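First up is the structure itself, then whatever we jot down about it.
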Amino acid sequence: MTLREVAVLAIGDPVPGGVADAGTSPPVSRVGELLAAGDPVLVSIEVSPDEDEAALLAAVSVYAWLGVEAFRVPARHHAAVRQALDMVASIKGTRQPTLSRRGLA
């Protein structure tokens, strides 16, 4: 499977074919090695119910900036993760911002 858009999967979903599984919250160096091989990479990020969602979104943002194309996260965080991924893509210039305004002083 070749991923064209960053995918958000639920914890426990199978690894899509042709995608390298980096594991759960892997070190950046490991992710870099897998990305250098040229295959799409999947990262799983699990958080306990009492942990702050901000930590999850920060990790997703860093991995997305590096080029990870698939994420497995708890289902309750899918909408927030999708929004963070869209933001990273807009900042990188791979996607147009949803809304842009020009402020004139």
Side-chain angles (χ1 to χ4, degrees):
M1 170 182 186
T2 301
L3 298 174
R4 290 187 175 87
E5 184 177 314
V6 179
V8 181
L9 308 170
I11 296 293
D13 282 355
V15 177
V19 176
D21 186 0
T24 303
S25 300
V28 170
S29 59
R30 172 73 177 138
V31 172
E33 292 169 3
L34 292 171
L35 289 168
D39 290 330
V41 176
L42 168 94
V43 170
S44 299
I45 303 173
E46 295 186 44
V47 293
S48 64
D50 58 333
E51 283 185 302
D52 188 15
E53 185 178 66
L56 171 86
L57 297 177
V60 165
S61 297
V62 170
Y63 289 127
W65 187 265
L66 293 173
V68 172
E69 295 185 36
F71 293 90
R72 276 194 298 209
V73 298
R76 68 183 181 278
H77 297 293
H78 278 202
V81 167
R82 172 55 54 200
Q83 186 176 15
L85 292 172
D86 289 345
M87 177 200 64
V88 170
S90 293
I91 292 170
K92 285 181 78 171
T94 58
R95 166 188 186 280
Q96 290 294 317
T98 302
L99 175 66
S100 61
R101 293 190 177 138
R102 181 173 174 205
L104 299 174

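Computed from a predicted model, the values in this text were never measured in an experiment.
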Over all heavy atoms of both residues, which pair between Pro26 and Val43 is shortest? Give the atoms and the distance, please.
-> CD-CG1, 3.6 Å
Check Val68 against Val41 and note the closest heavy-atom contact, atom names and distance.
-> CG1-O, 3.3 Å
Minimum heavy-atom distance Val47-Arg76, with the two atoms named | O-NH2, 3.6 Å
Connected via hydrophobic side-chain network under 4.5 Å: Val88 and Leu56 | no
Got a second to check how far Ile11's CD1 is from Thr24's OG1, nearest 0.5 Å?
-> 7.0 Å
Under a 4.5 Å cut-off applied to non-hydrogen side-chain atoms, are Val8 and Val73 in contact?
-> yes
Do Ile91 and Trp65 come within less than 4.5 Å of each other through their side chains, counting heavy atoms only?
-> yes
Which distance, rounded to the nearest 0.5 Å, do you find between the CZ of Arg72 and the CG of Asp21?
-> 5.0 Å
When rounded to the nearest 0.5 angstrom, what distance separates OG in Ser44 from OH in Tyr63?
-> 10.0 Å
Between NZ on residue Lys92 and CE on residue Met87, distance to nearest 0.5 Å = 12.0 Å
Determine whether more than 12 heavy atoms belonging to other residues, nucleotides or ligands lie under 6.0 Å from atom CD of Glu53.
-> yes
Note: Ala59 and Ile45 closest approach over all heavy atoms is CB-CD1, 4.0 Å
Quick one: pull up CG in Asp86 and CZ in Arg95 and give me the separation to the nearest 0.5 Å.
-> 4.0 Å
Shortest non-hydrogen separation from Ala84 to Ser61 and the atoms involved | CB-OG, 4.1 Å
Roughly how far, to the nearest 0.5 Å, is CD of Glu69 from CG of Leu42?
-> 10.5 Å
